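Values below: all heavy atoms of this structure, side chains included; hydrogens, waters and symmetry mates excluded. Just so we're clear, the structure is a prediction, and the values are computed from it rather than from any experiment.
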Amino acid sequence: MLKSAKQNAIEQNLSLVAETSTATPPGTCTCEELRREVADLRKDMTQMKEELDQLKKHHKGSQNQGLVKGRVLLPRSGSNLDHILETFQASMLGPAESTKKKQNDRQIRGHVHKWITHMWGSDGDINKSLTFLGNVGKLVEFLQSLANDAKAPSTQQHFALDIEKFLLFLKRYNLPYMRLSTRAIDLLLLKLKSWRKGLLPQVIVQQQAYKKQKTDNLIKSEHLLQFVEMGTAKVTEAIEHLGNTPKCQRALQRVVGLLVGIMATTSGHRRCVFLNMRPRDIMGAEKQKDTVTIAVSDHKTTGSFGRAKFSIKYDLWRHLKKFLTIRPQLPGYKMRPSTVFFSSLGGEMLSMGRCVTVAWMSLGLPE
């Protein structure tokens with residue numbers, strides 16, 4: 001059978017390939033193949049160099065940030081003392097921090113600032129090596145000075161705890177400029193722990209005295225009941241008066257005092273719950289037959305106990321909603337406060353306790 005032209009062409013190509021493989025020893029590359037390999041290697045080297053430059057650039061940029069994986073680095077401007085305190089405070093930051101948490105962090109920073117200044121011996125800028133902090137004798141001198149200044153035992157205890165937090169921060173993070181040894185930090189921590197243990201009996205006595213004082217100042221239950229009954233009867237009139245005179249601070253104090261006083265008396269919640277109550281908490285309250293349950297998410301112990309819930313009568317809830325309609329006319333509203341009650345500057349209404357006192361006295365109840 002005659003072979004087709006296509007088959008003949010295939011056989012010729014196969015024979016040429018066989019001749020070529022015979023002429024070139026096995027494992028030997030042609031010049032063209034070598035040129036291609038060299039070109040590929042050069043291309044790979046160029047790409048690797050670009051990646052290395054990017055990594056160097058990224059590493060250099062990350063050193064200028066406040067926090068790096070496992071390390072805390074200082075900003076590039078300002079005094080050494082400010083830098084380390086800012087870095088320490090940044091290490092305590094968390095998501096969705098409450099106002100109380102921010103206040104506590106500022107207090108901790110203030111305590112640590114006072115201790116560092118004492119250890120350094122002057123108000124001037126400190127040496128960033130921090131080796132001067134390892135003096136246990138000066139630490140004891142500082143703790144003793146708190147007692148000499150008539151600081152309460154609980155205040156002395158908080159100073160010691162806050163210094164411990166700072167030392168643990170130094171121990172945990174790898175500060176590149178610090179020369180204070182881990183052994184020196186451990187000695188300071190040991191001294192602080194023993195000092196707090198010695199303060200414990202004084203703290204207990206102080207707590208007992210404070211508890212007795214609170215018990216002695218407790219309002220009689222029959223007076224509290226009178227406040228709720230009389231206040232509920234007067235709150236409608238008070239809110240109408242505030243609506244007519246929204247700039248009158250006395251009228252505002254009376255309304256806030258009545259509303260907060262009734263809610264606090266019937267629920268037992270602390271001031272912080274009502275300080276942080278927001279309009280959405282009132283408008284989104286759960287309605288029952290004759291009562292309404294309000295849940296406040298942002299308060300001092302949210303992290304430990306969750307939302308603070310309390311029930312009020314339906315009529316009091318209507319008064320709260322009426323107050324919300326007057327709220328935009330009150331002094332301080334232009335600062336866009338997020339809470340139901342606010343000061344004339346738009347901040348926290350820290351005078352809330354005074355407002356309750358004003359409402360109490362306006363009802364003629366005993367002081």
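Taking the six-membered ring for Trp and thresholds of 30 and 60 degrees, His111 and Phe159 have nearly parallel ring planes, at less than 30 degrees apart.
The six-membered or imidazole ring of Trp360 lies near that of Phe227, with a centre-to-centre distance under 6.0 Å. Ring centers of Phe88 and Tyr173: at least 6.0 Å apart, outside the cut-off.
In this structure the side chain of Leu192 never reaches within 4.5 angstrom of the side chain of Leu161, judged on heavy atoms. By the 4.5 Å heavy-atom criterion applied to side chains, Leu259 and Phe323 are counted as neighbours. Lys322 is not listed as a side-chain neighbour of Glu240, based on a closest heavy-atom distance of 4.5 Å or more. Taking 4.5 Å as the limit, every side-chain heavy atom of Phe142 sits out of range of all side-chain heavy atoms of Lys138. Between Val255 and Val235, the closest side-chain pair of non-hydrogen atoms is not below 4.5 Å. Using a 4.5 Å cut-off on side-chain heavy atoms (C-beta onward), Leu363 and Lys234 make contact.
Within a 6.0 Å radius of NZ in Lys287, other residues, nucleotides and ligands contribute more than 12 heavy atoms. Applying the 6.0 Å contact sphere to CZ of Arg250 captures no more than 12 heavy atoms from other residues, nucleotides or ligands.
Within the cation-pi definition used here (under 6.0 Å to the ring centroid, within 45° of the axis), Lys321 qualifies as a partner of Trp317.
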| query | Please walk me through it: do Ser311 and Thr293 pass side-chain hydrogen bond (donor to acceptor under 3.5 Å, both in side chains)? | reply | CA-CA 4 Å; Ser311 295; Thr293 300; 3.0 Å; yes
| task | Begin from the C-alpha positions of Asp105 and Arg109 and carry the test salt bridge (Lys or Arg N to Asp or Glu O under 4.0 Å) through to its verdict. | result | CA-CA 6 Å; Asp105 287 350; Arg109 174 173 173 164; over 6 Å; no
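Residues that satisfy the ring-ring contact (aromatic ring centres under 6.0 Å, His included) test with Phe132, not counting sequence neighbours, are Trp120.
Here CD1 of Ile84 is found 6.0 Å from CZ of Phe169. Values are rounded to the nearest 0.5 Å. Once rounded to the nearest 0.5 Å, the distance linking CD of Gln206 with NZ of Lys211 reads 14.5 Å. Between atom OG1 of residue Thr291 and atom NZ of residue Lys289 there is a gap of 10.5 Å, rounded to the nearest 0.5 Å. Here the CZ atom belonging to Phe310 is positioned 8.0 Å from the OG1 atom belonging to Thr266, to the nearest 0.5 angstrom. Considering CD of Gln249 and OG of Ser351, their distance stands at 8.0 Å, rounded to 0.5 Å. One finds the CG atom of Asp315 at 8.5 Å from the OG1 atom of Thr232 (value rounded to the nearest 0.5 Å).
No side-chain donor-acceptor contact under 3.5 Å links Gln157 and Arg196. No side-chain donor-acceptor contact under 3.5 Å links Gln107 and His158. Between Thr339 and Glu348, the side chains place no donor N or O within less than 3.5 Å of an acceptor N or O (distance only, hydrogens not considered). Asn148 and Ser145 share no side-chain donor-acceptor pair at under 3.5 Å.
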